[in-house]
Amino acid sequence: MQSLYLNALGMKLPRFKRPQLGALKNTLSYAHLLLLVGSFVALQLAYFFGSSLQREFNLERSILAVENRVSLDLPRLSLPNPALNMAGNPAQVHAYLEKLNELLVAQNLSVRVSSLQQFDAQLRFESEMRLSGQVSHSHRIVERQLQLPGQVISLKLGICEPSLWQTISVYPLFFALLLVFFLSPYLQRKPLAIAATLAPGASQHIALVLDLENKCIALRDTDYKVELANKPLCFYAALLNYCQQNPRVRLCQHAILPDELLHLANQYFMRLVALGHTIRKRPDFDTNLEKTLSEIRAALDELLIDYPEAKAAFYPPKALGEGSRSKMHNFALVKLAAGDWEIKGK
C-alpha cells in the first residue's frame with residue numbers, strides 16, 4: 001500500500017517513492033544502449049535514403065508535368081521570334097509565369113518556373129520556394145529545352161532543396177525504442193554459473209557411478225552416461241569393489257582370477273537378473289577376459305573424453321611393450337579412492 005501524507009491544506013495525498021536509479025541501472029545495460037543507438041542509426045539511414053529516392057522520383061514527375069503544361073501553353077503565348085521578326089508580349093509572359101507559379105505553390109510542389117526564354121519570373125526563393133509547407137533556403141536551377149517548329153525555347157526551373165532537419169524523422173527513434181523493448185528480456189544481465197567455470201589451477205573432482213538399474217556408467221552430477229553390456233558391467237563393478245578392498249593386489253589376465261573377484265561378479269549378475277535385465281545363464285567371467293576389459297576401456301574412453309586425467313583411477317591398465325600380452329602385466333585399479341565411485345541399485 002502507498003503511504004499517505006498531509007499537505008498544507010490538510011488533505012491526504014499518496015506519497016510516491018522516488019525511482020531507484022540503482023535498480024534501473026541493473027535492469028539496463030550497455031547492450032540496451034548499443035542496440036538503441038545502432039538500430040536508430042540504421043533505421044535513420046534507411047529512412048534518409050528511402051525518402052531521398054522518393055523525393056527524386058516525385059521531383060522528376062513534377063518537372064515533367066511542368067514541361068508538359070508549358071509545352072501545351074506555348075502556342076497561346078506571345079514569345080519573341082527573331083526568324084519571324086516578332087517582339088513578343090513581355091507583360092503576357094510575366095503574367096503567365098506568375099499565375100503558373102501560384103498554381104505550383106497551391107499544389108505544394110517543389111518546382112517553380114524561374115524563366116522562359118529571356119523572361120525572368122523574378123522568384124524570391126526564401127519566401128516563395130516551399131517544400132511540404134516548409135520554407136527552403138537552398139535551391140538549384142534546372143534548364144530544359146522545349147522544341148517548337150523553327151525555334152528552341154529555354155525553360156529554367158527552380159528546385160527546392162530540403163534542409164537537414166527535413167530529412168530526419170522521429171519514426172526511426174520510435175521503432176528503435178520498440179525494438180529494445182521487445183528484445184530486453186534477451187539482454188538482461190545473467191549471473192555466471194559458479195559451477196560452470198573453474199578458477200585457474202583448480203581441479204574438478206570426478207566421481208564414477210555404476211548404475212545397475214539402467215545398465216550404464218556415468219559421472220556424478222551429470223546427465224551423460226554410457227551403456228554397458230551385462231558381463232563387462234558386472235565384472236567392472238566387482239573389479240572396483242575388489243581393488244578397493246585389496247589396494248596392493250596384482251591381477252593378471254593370463255593367471256587364475258581370485259575367487260573373491262569372481263564371486264562378486266556373479267553376485268552383481270544375479271542382481272541384474274533380479275532387476276529383470278536378463279534371463280540368460282550366468283556367464284563365465286574367467287574366459288575372454290581381454291574382450292571384457294576392452295569393452296570396459298571403450299566405455300570409459302567415451303565417458304571420460306573430457307577428463308583424460310581421471311582415467312588413471314578408473315582405467316584398467318593395458319599391456320604395453322612388444323610381446324607384453326604374454327607377460328604377467330597387472331590390470332588392477334591401484335589408484336582408487338573411497339569417494340571416487342559408487343554403485344547404484346546393488
Side-chain angles (χ1 to χ4, degrees), residues 19 24-74 96-116 120-147 152-190:
L24 182 61
K25 186 181 297 183
N26 293 333
T27 303
L28 301 178
S29 63
Y30 290 107
H32 293 81
L33 181 60
L34 184 62
L35 178 61
L36 177 62
V37 174
S39 57
F40 171 72
V41 171
L43 292 173
Q44 184 61 56
L45 289 176
Y47 176 84
F48 173 76
F49 288 113
S51 60
S52 297
L53 292 176
Q54 183 65 34
R55 187 178 62 85
E56 291 296 330
F57 175 76
N58 294 335
L59 181 61
E60 194 62 32
R61 292 184 58 185
S62 300
I63 294 176
L64 183 61
V66 172
E67 289 183 10
N68 292 336
R69 181 69 268 170
V70 174
S71 298
L72 293 176
D73 295 337
L74 283 178
Y96 170 76
L97 295 179
E98 183 177 356
K99 185 177 180 180
L100 180 58
N101 283 328
E102 290 177 356
L103 179 63
L104 296 178
V105 170
Q107 295 181 357
N108 201 22
L109 297 180
S110 57
V111 180
R112 305 290 183 271
V113 179
S114 176
S115 65
L116 183 63
D120 193 354
Q122 297 180 355
L123 291 178
R124 296 184 303 274
F125 285 94
E126 290 75 6
S127 58
E128 296 185 11
M129 299 293 284
R130 296 179 179 271
L131 178 61
S132 299
Q134 300 294 329
V135 177
S136 174
H137 296 283
S138 61
H139 62 276
R140 57 188 174 95
I141 300 298
V142 176
E143 184 175 2
R144 299 296 175 90
Q145 302 291 333
L146 303 180
Q147 300 291 334
V152 177
I153 305 299
S154 174
L155 175 66
K156 291 184 179 180
L157 303 174
I159 308 299
C160 299
E161 293 291 345
S163 63
L164 177 62
W165 297 108
Q166 291 175 291
T167 60
I168 297 178
S169 174
V170 296
Y171 291 109
L173 179 60
F174 172 75
F175 284 109
L177 291 173
L178 199 62
L179 182 63
V180 172
F181 174 76
F182 283 113
L183 296 182
S184 180
Y186 303 98
L187 300 176
Q188 297 294 338
R189 295 177 178 177
K190 298 181 179 180

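None of these values were measured; they are calculated from a predicted model.
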In Å and rounded to the nearest 0.5 Å, what is the [atom1] to [atom2] distance from [X] to [Y]?
{"X": "Leu179", "Y": "Leu36", "atom1": "CG", "atom2": "CG", "value": "9.0 Å"}
{"X": "Leu116", "Y": "Leu157", "atom1": "CG", "atom2": "CG", "value": "10.0 Å"}
{"X": "Leu45", "Y": "Phe40", "atom1": "CG", "atom2": "CZ", "value": "9.0 Å"}
{"X": "Leu59", "Y": "Ile159", "atom1": "CG", "atom2": "CD1", "value": "4.5 Å"}
{"X": "Leu173", "Y": "Leu178", "atom1": "CG", "atom2": "CG", "value": "11.0 Å"}
{"X": "Leu53", "Y": "Asn58", "atom1": "CG", "atom2": "CG", "value": "11.0 Å"}

Checklist entry - When you look at Val111 and Val142, which way does the side chain to side chain contact (heavy atoms under 4.5 Å, CB included) test go after all the steps? => result CA-CA 10 Å; Val111 180; Val142 176; over 6 Å; no
Provide the closest heavy-atom pair for [X] versus [Y] in the form atom of the first, atom of the second, distance.
{"X": "Ile141", "Y": "Gly158", "result": "CD1-CA, 3.9 Å"}
{"X": "Ser169", "Y": "Gln44", "result": "O-OE1, 3.4 Å"}
{"X": "Ser154", "Y": "Gln145", "result": "CA-OE1, 4.0 Å"}
{"X": "Phe175", "Y": "Leu43", "result": "CB-CD1, 3.8 Å"}
{"X": "Ser62", "Y": "Leu109", "result": "OG-CD2, 3.8 Å"}

Checklist entry - Between the main-chain N or O of Val113 and the side-chain N or O of Asn101, is there a donor-acceptor pair closer than 3.5 Å? => result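 The answer is yes, because a donor-acceptor pair under 3.5 Å joins these two groups.
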Checklist entry - Do other residues, nucleotides or ligands put more than 12 heavy atoms under 6.0 Å from Arg61 CZ? => result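 Counting neighbours around CZ of Arg61, 12 or fewer heavy atoms of other residues, nucleotides or ligands fall under 6.0 Å, so no.
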